[in-house]
Amino acid sequence: MKRILLLSCFLMSLGCREAPKEEPLSSDIEVPKPQYTLSADRNHNKFSRAIPPQLEVTDGSVIEVFTLEATGGQLTINSTLEDFHKVDMDQVHTLTGPIYVQGASPGDVLAVEILDLEPGDWGWTGMGPDFGFLAGDSEAEGFKTFPLDRENNLVRFSEEVVIPLKPFLGVIGVAPDTEEMLVTFPPRANGGNMDDPNMAVGVTVYLPVFVEGALLSLGDSHAVQGLGEVVGTAVECDMRAVVRLQVIKDKQITEPQYETDDYYATTGYGTTIDEAAKKATQYMIEHISTTYDMSEGDAYMLCSLIGDLKIAEVVDVPHMLVTMHIPKSVFKN
């Protein structure tokens, strides 16, 4: 009886606690004034070295970039499921850019430091039986639009469900070394449609450079998305992004990587989760071994102890993206 009374008191204390308050959308970090601005009408929807740059910037520049929601303006807050079905997929994704970065050459790494992200006033989410992780297994379809409560950092999914905003850019990619016009849907070695919600404010994304000037493009902006993006869409929205671009000459990577003050992450894409996870693990072994002067065997063992494999997305066919995160704190001593 005593144990039951104690449990009851504990549960009552939980119920009386004040509900957690949402974090403000903007960070306390002062955002530097942009040196360049690129408007959302300077856009394209393929990846290729043949797409001419819309802006040329110096190494180390801070740039303000405006992006459109994934359909490039085909949908509005008043759109319906019928409008969603009529979307011209040849215009998806509408990307702002490319941006030519002076000094970037093949073999270099382009660091994209995400300084600020401001979603637009509204967003949408859609799903259908022909796409998404359960395509072929589910006949569900639907479409919702949402006003974005930027003051309180919330999107109201329904009367009962309220979700904190966590804006990020679904597409961060440089041009591949090809004249072919590649569709933007799958992530590749050049980055692109990685749909990783961890690539938010405070993250620096590292991209391998394949062509002169790197030719960076940004887009597919999301107000919030879960890891996996299982229906194939997030809360798709317009975005104002502020990024700092820096060329790194003494770093070599095969696929994108990223970091914060607290952790380092590698990414791996593949046609299966197994393939993608193995690549992310192999890249992390290389990173630890090189960065911390450690044998590959010890680095592999360490990945098992502190490495967290995360599924970033499973819907951007034919590729899936898996990441591995490691905390930096274990290396401080």
Side-chain angles (χ1 to χ4, degrees), residues 23 27-32 59-60 62 101 103-104 107-117 166-169 172-174 187 189-191 194-209 214 216 226-228 242-270 273-313 320-333:
E23 294 294 328
S27 138
D28 293 333
I29 301 173
E30 184 176 353
V31 179
D59 183 12
V62 175
V101 184
D108 295 340
V109 168
L110 181 67
V112 182
E113 183 182 358
I114 304 171
L115 301 171
D116 197 19
L117 294 171
K166 187 182 178 183
F168 73 101
L169 294 164
I172 304 175
V174 294
N190 66 309
M194 295 181 283
D195 282 328
D196 186 343
N198 288 300
M199 295 182 183
V201 171
V203 171
T204 298
V205 180
Y206 300 110
L207 301 168
V209 175
L216 174 73
L227 287 164
V242 179
V243 298
R244 179 186 283 115
L245 305 182
Q246 293 183 307
V247 178
I248 302 175
K249 297 288 186 181
D250 58 352
K251 183 181 180 74
Q252 289 189 332
I253 57 177
T254 305
E255 295 181 32
Q257 302 180 2
Y258 58 93
E259 70 176 322
T260 68
D261 291 339
D262 298 322
Y263 68 82
Y264 196 92
T266 55
T267 75
Y269 76 90
I273 290 294
D274 283 355
E275 180 187 3
K278 285 181 178 180
K279 290 171 74 176
T281 302
Q282 289 165 345
Y283 296 145
M284 184 58 77
I285 292 170
E286 293 171 8
H287 168 74
I288 293 174
S289 178
T290 302
T291 305
Y292 299 103
D293 192 25
M294 189 180 297
S295 71
E296 289 193 0
D298 278 357
Y300 185 22
M301 186 182 298
L302 195 58
C303 284
S304 189
L305 303 182
I306 64 169
D308 290 328
L309 286 170
K310 301 174 185 285
I311 299 173
E313 65 80 14
M320 302 177 178
L321 193 79
V322 173
T323 68
M324 176 173 277
H325 291 212
I326 59 163
K328 293 181 178 179
S329 58
V330 299
F331 299 101
K332 285 185 176 179
N333 295 325

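Positions are given from 1 along the sequence.
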A.B. asks: Of all heavy-atom pairs between Ala280 and Thr266, which one has the smallest distance, and what is that distance?
C.D. replies: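 Scanning both residues completely, I find the closest heavy atoms to be O-OG1, 2.8 Å.
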A.B. asks: For Thr267, is there any backbone N or O sitting under 3.5 Å from a side-chain donor or acceptor partner on Thr323?
C.D. replies: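 Looks like no, no N/O pair under 3.5 Å.
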A.B. asks: Hey, does the side chain of Asn190 reach the backbone of Val174 with a donor-acceptor pair shorter than 3.5 angstrom?
C.D. replies: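 Yes, the answer is positive, given that a donor and an acceptor are paired below the 3.5 Å cut-off.
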A.B. asks: Side-chain contact test, heavy atoms from C-beta onward, threshold under 4.5 Å: evaluate it for Val112 versus Leu245 and give yes or no.
C.D. replies: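 SC-SC contact between Val112 and Leu245 confirmed.
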A.B. asks: Closest approach of Tyr269 and Lys279, non-hydrogen atoms and distance?
C.D. replies: O-NZ, 2.9 Å
A.B. asks: With side-chain contact (heavy atoms from CB on, under 4.5 Å) as the test, pick out the partner of Val109 among Ile248, Leu207, Val247.
C.D. replies: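 Of Ile248, Leu207, Val247, side-chain contact (heavy atoms from CB on, under 4.5 Å) with Val109 is met by Ile248 alone.
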A.B. asks: If every non-hydrogen atom of Ala276 is compared with every non-hydrogen atom of Gly268, which pair is closest and at what distance?
C.D. replies: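 Shortest heavy-atom separation between Ala276 and Gly268 comes out as CB-O, 3.2 Å.
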A.B. asks: Just by distance, no angles: are the side chains of Glu255 and Tyr283 close enough, under 3.5 Å, to form a donor-acceptor pair?
C.D. replies: yes
A.B. asks: How far does CD of Glu113 sit from CD of Glu259, to the nearest 0.5 angstrom?
C.D. replies: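 So the CD of Glu113 and the CD of Glu259 are separated by 10.0 Å.
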A.B. asks: Could you check whether any side-chain heavy atom of Gln246 comes within less than 4.5 Å of a side-chain heavy atom of Asp59, counting everything from C-beta outward?
C.D. replies: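 In contact.
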A.B. asks: Between Thr290 and Glu286, is there a donor-acceptor pair closer than 3.5 Å when you use the side chain of the first and the backbone of the second?
C.D. replies: yes
A.B. asks: If you take all heavy atoms of Ala111 and Thr204, which pair is closest and at what distance?
C.D. replies: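 Looking at all heavy atoms of both residues, the shortest contact is CB-CG2, 3.9 Å.
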A.B. asks: Parallel, tilted or perpendicular for Tyr292 and His287, by the 30°/60° rule?
C.D. replies: perpendicular
A.B. asks: Got a second to check how far Ile326's CD1 is from Met324's CE, nearest 0.5 Å?
C.D. replies: 9.0 Å
A.B. asks: Return the OH to CG distance between Tyr206 and Leu110, rounded to the nearest 0.5 Å.
C.D. replies: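 With rounding to 0.5 Å, OH (Tyr206) is 11.0 Å from CG (Leu110).
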A.B. asks: With side chains defined as the heavy atoms from C-beta onward, is the minimum distance between Leu227 and Asn198 less than 4.5 Å?
C.D. replies: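 SC-SC contact between Leu227 and Asn198 confirmed.
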A.B. asks: Taking the side chain as everything from C-beta on, heavy atoms only, tell me whether Thr254 gets closer than 4.5 Å to Pro208.
C.D. replies: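 No, their side chains stay 4.5 Å or more apart.
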A.B. asks: Please report the shortest heavy-atom distance between Pro167 and Ala200, naming the atom on each side.
C.D. replies: O-CB, 3.7 Å
A.B. asks: Name each donor-acceptor pair under 3.5 Å that joins a side chain in residues 294-312 to protein atoms two or more places apart or in another chain, with its distance.
C.D. replies:
unit_1 : atom_1 : unit_2 : atom_2 : d
Ser295 : OG     : Asp298 : N      : 3.1

A.B. asks: Hey, could you give me the CD1/CZ distance between Ile114 and Arg244, rounded to the nearest 0.5 Å?
C.D. replies: 12.5 Å
A.B. asks: Any chance you could measure Gln257, atom CD, to Met284, atom CE, to the nearest 0.5 Å?
C.D. replies: 7.0 Å
A.B. asks: How long is the span from the CD1 atom in Ile172 to the CG atom in Asp195, to the nearest 0.5 Å?
C.D. replies: 10.5 Å
A.B. asks: So does Thr260 get a backbone contact from the side chain of Lys328, meaning a donor-acceptor N/O pair under 3.5 Å?
C.D. replies: yes
A.B. asks: Provide the closest heavy-atom pair for Val330 versus Pro327 in the form atom of the first, atom of the second, distance.
C.D. replies: CG2-O, 3.6 Å
A.B. asks: Is the shortest side-chain heavy-atom distance between Val203 and Phe168 below 4.5 Å?
C.D. replies: no
A.B. asks: Relative to the ring of His325, is the ring of Tyr258 parallel (under 30°), tilted (30 to 60°) or perpendicular (over 60°)?
C.D. replies: perpendicular
